[in-house]
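Here's the structure, in structure tokens; my notes come after.
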Amino acid sequence: MMLAENVVELTIASQLEFIDLVTTLTDNITHMIGFDDESAYWVNMAVRESVANAVEHGNKYDPQKSVDIRFTIGVDALRVTIRDHGEGFDPSTLPDPLDPNNLLNPAGRGILYMRTFMDSVEYERHPEGGMIATMSKRRAPKLAGQESGEGDHKHDAVRN
Amino acid sequence: MMLAENVVELTIASQLEFIDLVTTLTDNITHMIGFDDESAYWVNMAVRESVANAVEHGNKYDPQKSVDIRFTIGVDALRVTIRDHGEGFDPSTLPDPLDPNNLLNPAGRGILYMRTFMDSVEYERHPEGGMIATMSKRRAPKLAGQESGEGDHKHDAVRN
Amino acid sequence: MQLEIRERTIGEVTILDLIGKITIGDGSVQLRDAVNHLLEAGRNRIILNLGGVTYVDSSGIGELVSRFTTTKGTGGKLKLLNLPKKIKDLLMITKLLTVFEIHEDEQAAIESFQ
Amino acid sequence: MQLEIRERTIGEVTILDLIGKITIGDGSVQLRDAVNHLLEAGRNRIILNLGGVTYVDSSGIGELVSRFTTTKGTGGKLKLLNLPKKIKDLLMITKLLTVFEIHEDEQAAIESFQ
Ligand SMILES: Nc1ncnc2c1ncn2[C@@H]1O[C@H](COP(=O)(O)OP(=O)(O)O)[C@@H](O)[C@H]1O
Ligand SMILES: Nc1ncnc2c1ncn2[C@@H]1O[C@H](COP(=O)(O)OP(=O)(O)O)[C@@H](O)[C@H]1O
């Protein structure tokens, strides 16, 4: 397979047992590219939430459906995409977990976690079915006045 | 993607820095399925050798070529396949690293490592190019007289 | 096992010392079982000591909330003790800090049931 | 950094204390550089103390062999000290146990150069 030089991909069957494999790989990648422990901890948790949603709501625990996780190590940011093979959903119609009426709900806080811990979270439907969540986290605090995009450059470096 | 329920796949770009990601994932999987520390250590090393060969000899460090690693968690054995996208080679024509004349060679011991640490190692050419190394390691010592195959059964279990 | 739960009884109060991770699957289920087990035995004055908890995902937070409401439903109370910084952050983010009764001192937590 | 190398000088003998992993890439390169650096300075009585080495892949074993032959080429000697069990296993598997001079006692290793 052709692959950009700064990409690592992991594919798991839809089993909760495998989520720890994804978060440990996440830890290794954030550690390798120099995230501090605190940032790495929250990225780990955001990835866990997104993969758990893909297993639970997306693939509905169908062990034959995979969850595909892709890490793109950009110069400025780590991008993680999580894809499932379910029916998809519309994130704009979800109940707000912070609404006082919802505070005692037993669920519904995963996407809030993701949005809180990452710099950006976006959802789209995959043309061949399933959802793709794309999350990114800056590698270092931006210097004041620095306006360049935080995306991936032509020549991405594993270590900066 | 459709996937057997007991499969985990990792794809890396051909960078030596990424090999540690593969071996740590290997450790997590062997630990999850109950390998003892000693066996896990040697499986880790066999996987490292095979991935290093794929990066170095197979893909020749071309960062656009991937190494694709697949872990199949069978009831009786863990199977690991490592695929590269290089020109392939004929393993039957390699010099024997244990030949007295070769003992001081600076290289040529990787496949010996693999064959020593795993229960089986097989090479084949992928129809679309590149080599596939398939290695397997039994999950528990066989009981005396137990003759059943060590392959993967219809209903594989992550934990046994 | 990602979550270890130790049970201590002080008069009518039960303290569950939780050590490890409360996450989707095993961890959340263990917590649910442990609390439900107490409630079935009529022991509904419960303190969860989170001092040894390193990680709570959204499923774990949901489990804390639902054990809280279930305990309340039996006329009892479930209180939290010794929140590590990160778990406090999570309760803040989810606006649950004021929902739970939270203690930093075990003795005070026990006495709060009297 | 996967390999840490500390240098000690005892008379004409240099001991390199190696701690960590000797693997393809960084670890092997560091070892090569450290030994070559000594040889360039004319210090070719070298003891590699492997007591702190936890992991040596085939590239690392190859590096040990080539530093051994390079040192020999200068009329010097490179000896091994304090082999952990697993590293000994690896030298056995590769039939290199009898190629290297291996010591278990540092003082004896130093004196063996006299
Ligand atoms: N990958 C997904 N596929 C389908 N639906 C999803 C997916 N991720 C999230 N959802 C929907 O969004 C809702 C909110 O998700 P989340 O905030 O993570 O909370 P929870 O998982 O606890 O319900 C889920 O209940 C589900 O209906
Ligand atoms: N994936 C591969 N693709 C092409 N050639 C390979 C591959 N793996 C091994 N080889 C060939 O086999 C030889 C022996 O490999 P190995 O025993 O691992 O030792 P080393 O990697 O130190 O040379 C290599 O030098 C190379 O020529």
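The model shown is predicted, which means the values in this text are computed figures rather than measured ones. Residue numbers begin at 1 in each chain, while the letters A, B, ... track the order of the sequences.
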Anything under 3.5 Å between chain C and chain A that's a donor-acceptor pair? List each one with its distance, please.
unit_1  : atom_1 : unit_2   : atom_2 : d
C:Thr54 : O      : A:Tyr41  : OH     : 2.5
C:Tyr55 : OH     : A:Asn44  : OD1    : 2.4
C:Tyr55 : OH     : A:Arg48  : NE     : 3.3
C:Val56 : O      : A:Tyr113 : OH     : 2.8
C:Asp57 : O      : A:Tyr113 : OH     : 3.4
C:Ser58 : N      : A:Glu49  : OE2    : 2.6
C:Ser58 : OG     : A:Glu49  : OE1    : 2.6
C:Ser58 : OG     : A:Glu49  : OE2    : 3.4

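Taking the ring axis of C:Phe68 as reference, the NZ or CZ atom of C:Lys79 does not stay both within 45° of it and closer than 6.0 Å to the ring centre.
For C:Ile93, the parts sitting under 4.5 Å from any heavy atom of chain A are the backbone and the side chain alike. A:Leu112 touches chain C through its side chain: at least one heavy atom from C-beta onward sits under 4.5 Å away, while N, CA, C and O do not. With a threshold of 4.5 angstrom between heavy atoms, C:Leu64 does not approach chain A through any atom at all. Only the side chain of A:Leu16 comes within contact range of chain C, with at least one heavy atom under 4.5 Å from a heavy atom of that chain.
The salt bridge (Lys or Arg N to Asp or Glu O under 4.0 Å) search around C:Glu106 returns C:Arg8, not counting sequence neighbours.
C:Val56 and C:Leu90 make their closest contact through O-CD1, 3.3 Å (heavy atoms, listed as atom of the first residue, atom of the second, distance). Taking each heavy atom of C:Ile110 and C:Val13 in turn, the nearest pair found is O-CG2, 4.2 Å. Among all heavy-atom pairs drawn from C:Leu81 and C:Ala109, the shortest one is CD1-CB, 4.3 Å. Between A:Val47 and A:Val22, the shortest heavy-atom contact is CG1-CG1, 3.8 Å. Of all heavy-atom pairs spanning C:Ala34 and C:Leu16, the tightest one is CB-CD1, 4.1 Å.
Considering CD1 of A:Ile29 and CZ of A:Phe71, their distance stands at 4.5 Å, rounded to 0.5 Å.
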